[in-house]
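Accompanying notes for the structure given below.
Note that this is a predicted model, so its numbers are computed, not measured.
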Amino acid sequence: MDNESSHIYKSIRKFLFSIVNKEFLIFLCFLLLSGAFWMLMVLNETTEREYNVPLRIVNVPRNVVMTTDVQDTVRVTLRDKGFTLLAYWYRNSFIPIKLNFNNYANKKTGKGVIPQSDIQKVMLQRLYNSTKVVSVRPDKLEFFFNYGISKRVPVRLNGHIVPGKNYYLARTQFLPANVTVYASKDILDSISYVTTEYLNLENFEDTVVQVVDLKTIRGVKVVPTQTQVTLYPDILTEETMDVPITAVGMPEGKVLRTFPPRVKVSFVAGASIIRNIKPEQFKVVVNYSEVAAHPSDKCPIYLRDVPHGVSKPRLEVSQVDYLIEQQ
């Protein structure tokens, strides 16, 4: 076994130190040296690099509710020698910039603004003297707060919801159906509901359950930030009912009778609600003043009211025979 290992070692050594491979090793050595010199030259030049620096707002009073998420990172671009910037990168992270809440909070407006100059000032205290701060993004930071003022508002659906062919959206359910919003008094007074983020659903025939984010509002904290939306589609069915005809605008002492006294009304509705629809929920009328102004063998009839959830209602006929009687 030892002889075999020794033979392999000698073969590898002979290969590496052959004339051809000696030249390759020399070339590789010079290539590494030139790369090292190039790297030294690059690192010795002045350049710029962007770093993500954590930011924290501290000393927030216990009775204060931050109504917007404060940006927790700023992007700072530094200029210096490559060696120095490499040292910042090697440290991998900067100590978070801590800014005092009371220095920036305007208690009357419920808003705080942190200028770029304050962030630069803190950064310069942590950098080498040779390093320059080129830019800080964003230019300024804003935060909103209040002292616990809130109210409950309903959730509404925002989006493009189209069930499959011959279906319609029968019902929408939210869980929770109401959320708590925190904001300044002026903003709270202007909010009567919150909406979901835009939801796009098409061609569904079964119940859909989906967790959706609630749309953010500037200066407002919404709790919770999500809701579970359940969409109940229902198949559309065509139905026909005999509905009584009613005379309106009749003078005292007169009666208008129609022949027939009822008329067929066709309509489309969801299968789940058709069984709860009654003929009395429709209203088909004949207007006495129109009949008196334009006497004829037949009188026009009109469909005035239909139950909730009914679509495409239509009368089987638009005119009927009539008789006016004196009581």
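- Partners of Asp72 by side-chain contact (heavy atoms from CB on, under 4.5 Å), not counting sequence neighbours, listed by chain and number: Arg56.
- Looking only at distances, no side-chain donor or acceptor of Thr240 sits under 3.5 Å from a matching main-chain atom of Ser266.
- Met241 and Val310 fall within the same hydrophobic cluster, defined by Ile, Leu, Val, Met, Phe, Trp and Tyr side-chain heavy atoms under 4.5 Å apart, directly or through other members.
- Summarising the local packing, OH of Tyr198 is surrounded by more than 12 heavy atoms from other residues, nucleotides or ligands at distances under 6.0 Å.
- Scanning both residues, Pro154 and Ser192, for their nearest heavy atoms gives CD-O, 3.3 Å.
- For Glu197 against Lys215, the heavy-atom pair with the smallest separation is OE2-CA, 3.5 Å.
- Annotation: Asn129, atom CG; neighbour count of heavy atoms from other residues, nucleotides and ligands within 6.0 Å does not exceed 12.
- Of all the heavy atoms in Ile161 and Pro163, the pair that sits closest is O-CD, 3.9 Å.
- Two rings, from Tyr104 and Phe143, have their centers 6.0 Å or more apart.
- Between Pro96 and Arg126, the closest heavy-atom pair is O-NH2, 3.0 Å.
- Looking at heavy atoms from C-beta onward, Arg304 lies in side-chain contact with Asn287 at the 4.5 angstrom threshold.
- Shown here are the ring pair (Phe, Tyr, Trp, His ring centres under 6.0 Å) partners of Phe282, two or more places apart in sequence or in another chain: Phe267.
- With no hydrogens or angles considered, no side-chain donor-acceptor pair links Thr73 and Asn52 at under 3.5 Å.
- Between atom OG1 of residue Thr227 and atom CG of residue Leu175 there is a gap of 6.5 Å, rounded to the nearest 0.5 Å.
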What's the verdict on side-chain contact (heavy atoms from CB on, under 4.5 Å) for Leu78 and Val133, showing C-alpha distance, side-chain angles and the deciding distance?
-> CA-CA 5 Å; Leu78 305 179; Val133 177; 4.0 Å; yes

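- Within a 6.0 Å radius of CD in Gln326, other residues, nucleotides and ligands contribute more than 12 heavy atoms.
- Heavy-atom contacts from other residues, nucleotides or ligands closer than 6.0 Å to NE2 of His308 number 12 or fewer.
- Side-chain contact between Val291 and Tyr322 is present, with at least one heavy-atom pair separated by less than 4.5 Å.
- Under a hydrophobic-cluster definition in which Ile, Leu, Val, Met, Phe, Trp and Tyr are linked whenever side-chain heavy atoms come within less than 4.5 Å, directly or via other members, Leu214 and Ile191 are assigned to the same cluster.
- Without hydrogens or angle criteria, Arg262 side chain to Asp242 main chain gives a donor-acceptor distance under 3.5 Å.
- Atoms OH and CD, from Tyr302 and Glu290 in turn, are 3.0 Å apart once rounded to the nearest 0.5 Å.
- By the 6.0 Å contact criterion, CZ on Arg257 is open, its count of non-hydrogen atoms from other residues, nucleotides or ligands being 12 or less.
- With a 6.0 Å radius and a threshold of 12 heavy atoms from other residues, nucleotides or ligands, Lys151 has its NZ atom above the threshold.
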Might you work through the side-chain contact (heavy atoms from CB on, under 4.5 Å) test for Ser184 and Ile149, ending with a clear yes or no?
-> CA-CA 7 Å; Ser184 64; Ile149 304 173; over 6 Å; no

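- For the atom pair OG1 (Thr230) and OH (Tyr232), the distance works out to 4.5 Å, reported to the nearest 0.5 Å.
- Between Gln71 atom CD and Leu55 atom CG the span is 8.0 Å, to the nearest 0.5 Å.
- Taken together through direct or relayed side-chain contacts under 4.5 Å among Ile, Leu, Val, Met, Phe, Trp and Tyr, Phe144 and Val153 form parts of separate hydrophobic clusters.
- Under the 3.5 Å distance criterion, the side-chain polar atoms of Arg152 are matched with a main-chain donor or acceptor of Asn178.
- The shortest distance between side-chain heavy atoms of Val64 and Tyr147 falls below 4.5 Å.
- Annotation for Arg314 and Leu303: closest pair N-CD2, 4.4 Å, computed over non-hydrogen atoms.
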Would you sort out whether Asp234 and Tyr168 count as a side-chain contact (heavy atoms from CB on, under 4.5 Å), showing the intermediate values?
-> CA-CA 6 Å; Asp234 192 11; Tyr168 82 109; 3.5 Å; yes

Hey, mind stepping through Leu315 and Val265 against side-chain contact (heavy atoms from CB on, under 4.5 Å) and telling me if it holds?
-> CA-CA 5 Å; Leu315 294 170; Val265 177; 3.7 Å; yes

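- The side-chain heavy atoms of Phe204 and Asp206, taken from C-beta on, include no pair separated by under 4.5 Å.
- For Asp69, the CG atom sits in a loose shell: 12 or fewer heavy atoms of surrounding residues, nucleotides or ligands are nearer than 6.0 Å.
- With Met123 as reference, Ile97 is the one residue of Val136, Ile97, Thr131 to meet the side chain to side chain contact (heavy atoms under 4.5 Å, CB included) rule.
- Two residues are said to be in side-chain contact when any heavy atoms from C-beta on lie closer than 4.5 Å; Ile57 and Ile114 meet this criterion.
- Partner Val155 forms a side chain to side chain contact (heavy atoms under 4.5 Å, CB included) with one of Thr195, Val222, Thr196 and no other, that one being Thr196.
- A cation-pi contact, defined as under 6.0 Å to the ring centre and within 45° of the axis, links Arg49 to Tyr51.
- The number of heavy-atom neighbours closer than 6.0 Å to CG of Asn63, taken from other residues, nucleotides and ligands shown, is above 12.
- Under 3.5 Å, the side chains of Ser135 and Thr77 contain a donor-acceptor pair of N or O atoms.
- With contacts defined as side-chain heavy-atom distances shorter than 4.5 Å, the pair Val220/Thr67 does not qualify.
- Counting only heavy atoms from C-beta outward, the side chains of Ile119 and Leu141 approach each other to under 4.5 Å.
- Nearest approach of Gln319 to Ile301, heavy atoms of both residues: N-CG1, 4.3 Å.
- In this structure, Val284 and Pro244 have side chains that are not in contact, with every pair of non-hydrogen atoms separated by 4.5 Å or more.
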